[in-house]
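Below, all heavy atoms of this structure are taken into account, side chains as well, without hydrogens, waters or symmetry copies. Order of appearance sets the numbers: ligands from 1, and atoms from 1 within every ligand.
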Amino acid sequence: MNLFGVLDQTAARHGDRGAVFVGTRQVHTWSELRDRALRLAASLRSDLPSGSRIAVASENRPEIVELMFAAWAAECVVVPINFKLHALEMAEILDDAGASIVFASPKIAASLAPATGVTVEAVDAAAYRGRLAVEPLAPPRHTDPAELAWLFYTSGTTGRSKGAMLSHRNLMAMTVSHLADFDDPDADCSLVHGAPMSHGSGLYIAPYVLRGARQVVPESAAFEADEFLDLCEQHPGCSSFLAPTMVARLVATGRSCPANLRTIVYGGGPMYVDGLKKAMAAFGQVFVQLYGQGEAPMTITGLRRADHLDADDAALGSVGYARSGVDVAVVDDDGSPTELGVIGEIVCRGDVVMSGYWNNPDATAATLRGGWLRTGDMGSFDEHGRLTLRDRSKDVVISGGSNIYPREVEEVLITHPDVAEACVVGAPDEEWGEVVVAFIVGDVEAADLDEHLLARIARFKRPKRYEFVDELPKNSYGKILKRALREQLAGR
Ligand code: AMP
């Protein structure tokens with residue numbers, strides 16, 4: 001089984017219908033998309049073996065769709081790269097993945113080429129057009145479903161990115177579960193790519209292509225609330241995956257629900273109950289919540305559309321019920337299931353769970369134990385089978401849907417000559433969900449720290465605020481008490 005089969009089937013059924021749109025403009029039919037993917041696949045296989053890692057670093061663009069299917073047709077592995085990363089961070093991922101080539105938007109290609117030894121090919125370049133002129137490859141017929149399809153880099157708490165290895169089977173399990181639990185699109189529907197296609201929105205290409213739903217890429221290549229809502233008026237039966245911050249931006253427009261908006265899947269970070277209620281008041285019953293992570297993409301638990309109807313705060317504040325095909329449990333330090341209502345680490349297993357981290361057996365052994373994925377998230381089940389997240393043991397800050405690992409920022413801050421100590425935590429924020437706040441011990445100006453960070457890591461990871469303090473609270477082992485700092489910020 002190869003995920004290319006998803007496109008193959010839809011091209012056979014709906015060949016002449018519009019498949020990929022930029023704004024309201026149709027760019028390819030399903031037959032054209034299939035043909036382009038197979039030509040790109042042939043060009044890839046002319047000089048690369050199967051299993052090669054094909055990276056894609058781009059703002060949301062239509063080429064991402066054809067490149068995904070091309071890599072799969074060529075029995076190669078897609079390595080999606082967050083376009084907001086610094087060129088040096090992208091280079092690190094390319095190096096770790098052993099990527100053979102990276103396809104990039106023109107803007108990213110220009111900044112990335114000097115930073116990496118990997119071949120960078122801009123998707124508007126003559127070389128790319130040349131690939132589309134070669135004879136198409138025959139579709140793959142015998143791919144082992146356990147073969148890698150998607151190498152998904154999550155920022156590591158240790159500073160180094162880890163590549164979650166996801167197979168054709170993993171992504172098909174995600175696809176089937178999505179169609180079983182959340183949405184039931186057909187060829188008169190659309191997937192509007194509001195969130196980055198290097199993450200959840202790109203993963204959702206599989207279920208929507210399987211049903212022949214249009215792939216709509218906003219003209220702005222980004223998320224603009226008004227443009228997004230306009231697209232949901234102009235295309236039929238629209239669904240989208242959005243980070244909670246994006247949902248808040250839709251609400252802030254003051255507009256009512258577009259006629260053709262069917263489903264908004266929110267998740268990937270906490271959605272506060274108050275924000276969800278406001279969103280439901282503005283747009284009605286279009287919301288579905290997912291809880292997942294790169295290691296079990298988009299699929300651990302969820303709240304269906306109907307679960308939002310007449311729901312109380314406990315239900316709206318939860319992450320819902322185990323998804324179809326996924327076992328979910330909460331365990332204590334020994335790995336034994338906790339009693340109902342008792343907080344422990346959330347673990348899950350099923351066909352959606354990754355096979356491990358790329359070239360990282362230690363991290364794999366720590367994360368996959370006894371057949372279960374240790375999520376690093378803490379939570380508890382109630383008597384209805386509903387899971388509520390309580391804390392994140394991994395300390396990740398999720399700001400506007402992007403994960404920021406404090407350690408990574410701290411490690412850079414600490415390299416500034418005038419910083420004695422640094423500690424980074426998340427603070428609750430109405431607009432962003434959370435923002436990064438850095439506590440600094442040292443004699444230094446915020447502007448100097450900004451400059452220091454901007455030269456080394458992505459802009460979105462930079463603290464929104466600095467707190468200059470004489471000392472950091474520590475326990476008897478000298479470990480900084482992050483919880484105390486978080487509580488201090490939350491108490492304000
Ligand atoms: P990522 O691997 O980048 O998708 O990040 C996954 C992490 O985001 C999870 O381990 C959770 O900590 C958090 N997360 C995902 N979905 C939700 C949700 N619905 N509510 C709260 N946090 C979430």
Steps toward side chain to side chain contact (heavy atoms under 4.5 Å, CB included) verdict (F152, E295) | CA-CA 8 Å; F152 201 12; E295 292 82 347; over 6 Å; no
CD on Q215 to OG on S201, rounded to 0.5 Å | 8.5 Å
For I398, the ligand 1 atoms whose distance to one of its heavy atoms is below 4.0 Å = 8 (O), 13 (C)
Decide whether an N or O pair under 3.5 Å exists between E295 and ligand 1.
-> no
Could you establish whether M271 and ligand 1 come within less than 4.0 Å of each other, counting only heavy atoms on the residue side?
-> no
Which is it for I64 and S58 under the side chain to side chain contact (heavy atoms under 4.5 Å, CB included) test, yes or no, and what are the steps along the way?
-> CA-CA 8 Å; I64 298 176; S58 170; 4.2 Å; yes
Pair H199, S402: side-chain N/O donor-acceptor within cut-off below 3.5 Å | no
Shortest reach to atom 2 (O) of ligand 1 by a heavy atom, considering only G320, G294, G379 = G294
Short N/O distance, under 3.5 Å, between Q293 and ligand 1?
-> yes
S177 (side chain) donor-acceptor with S324 (main chain) under 3.5 angstrom | yes
Which of the listed options, P297, G317, S318, G268, holds the heavy atom that is closest to atom 8 (O) of ligand 1?
-> G268
Side chains of N82 and Y153: do they bring a donor and an acceptor to under 3.5 Å?
-> no
Can you find an N or O of T375 that's nearer than 3.5 Å to an N or O of ligand 1?
-> no
Looking only at heavy atoms of L290, does any of them come nearer than 4.0 Å to an atom of ligand 1?
-> yes
Residue pair Y466, D450: steps toward the side-chain hydrogen bond (donor to acceptor under 3.5 Å, both in side chains) verdict = CA-CA 10 Å; Y466 296 94; D450 273 348; 2.9 Å; yes
Show which atoms of ligand 1 fall inside a sub-4.0 Å distance from at least one heavy-atom site of Q289.
-> 18 (C), 19 (N), 20 (N)
